[in-house]
Amino acid sequence: MEIWQKLLRLEENIKILEEIRQEFKNLDIRKEWEIRYGLFESIQIVIDISCKIVSKFNLGQPKNYRECIEKLVENRIVNSYLGEKLIKMVGLRNLLIQEYCEIDNSRLVSYLENLEDFKQFIEAVKEI
């Protein structure tokens, strides 16, 4: 999938997550799944795009997802503040994918307040 297709998918995901945030009353098992999957897929798209950019522009040989984000910061594709938030997303993705990790539901819901970070990433990528 091309970068622009991934950006469109990320924008769609953000809209869905924003709807969930606005409609949120209580966290049942279905809402928890929607939030978990929506965040996971959105973060994975950020990672995929980051790694593609690093490769496309020959920005180095990152050893892991975190280093892909760091390469974007080093090359001023994203600012350091957003870079830190994206690196934290990588950590959240790792928690979401590992079944043995429990994430407190209130903490999970709180991540819906950070959807702007995804939007900032989209804007930064569109500028390159």
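The figures here come from the full heavy-atom set of this structure, side chains too, leaving out hydrogens, waters and symmetry mates.
When only modelled atom types and interatomic distance are considered, Asn94 and Gln98 share no side-chain donor-acceptor pair under 3.5 Å.
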Would Lys119 and Glu11 count as a side chain to side chain contact (heavy atoms under 4.5 Å, CB included) if you check the C-alpha gap in whole Å, the side-chain angles of each, and the deciding distance to 0.1 Å?
CA-CA 8 Å; Lys119 293 177 183 179; Glu11 288 173 333; over 6 Å; no
If you apply the rule side chain to side chain contact (heavy atoms under 4.5 Å, CB included), what do you find for Gln120 with Lys85, and how did you get there?
CA-CA 11 Å; Gln120 290 176 11; Lys85 291 181 161 217; 5.7 Å; no
Stepwise side chain to side chain contact (heavy atoms under 4.5 Å, CB included) test for Val90 and Asn64
CA-CA 10 Å; Val90 171; Asn64 53 46; over 6 Å; no
CA sep, side-chain torsions, deciding dist, call: Ile45, Leu7, side chain to side chain contact (heavy atoms under 4.5 Å, CB included)
CA-CA 8 Å; Ile45 290 170; Leu7 287 175; over 6 Å; no
Between Glu84 and Lys88, does a salt bridge (charged side-chain N to carboxylate O under 4.0 Å, His left out) hold up when you go through it step by step?
CA-CA 6 Å; Glu84 288 176 27; Lys88 288 179 183 177; 5.6 Å; no
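Atom CD1 of Ile53 is separated from atom CG of Leu72 by 5.5 Å, given to the nearest 0.5 angstrom.
Ion pairing between a basic and an acidic side chain is recognised when a charged N comes within 4.0 Å of a carboxylate O; Glu41 and Arg9 show such pairing. Ion pair Lys15/Glu19 not flagged as a salt bridge, since none of the NZ, NE, NH1 or NH2 atoms sits closer than 4.0 Å to an Asp/Glu carboxylate oxygen. At a threshold of 4.0 Å, the pair Arg66-Glu70 counts as salt-bridged, since one of the basic side-chain nitrogens sits closer than that to a carboxylate oxygen.
Dense packing is recorded around NZ of Lys31, with more than 12 heavy atoms of other residues, nucleotides or ligands lying under 6.0 Å away. Within a 6.0 Å radius of CD in Gln5, more than 12 heavy atoms belonging to other residues, nucleotides or ligands are found.
Other residues sharing a hydrophobic cluster with Leu8 under the 4.5 Å side-chain heavy-atom criterion for ILVMFWY residues are Trp4.
Within the structure, ring pair (Phe, Tyr, Trp, His ring centres under 6.0 Å) pairs that include any residue of residues 52-81 do not occur (at least two apart or interchain).
Checked by atom type and distance alone, the side chain of Ser55 never pairs as donor or acceptor with a backbone atom of Cys51 at under 3.5 Å. Formation of a donor-acceptor pair under 3.5 Å by the Glu67 side chain with backbone atoms of Lys63 is found in this model. Side chain of Ser42 to main chain of Leu39: no donor-acceptor pair is present (N/O by atom type, distance under 3.5 Å, no hydrogens or angles). Panel note: side chain Asp104, backbone Ser106; a donor-acceptor pair is recorded below 3.5 Å.
Using cut-offs of 30° and 60° for the angle between ring planes, the Tyr37 and Phe40 rings count as tilted.
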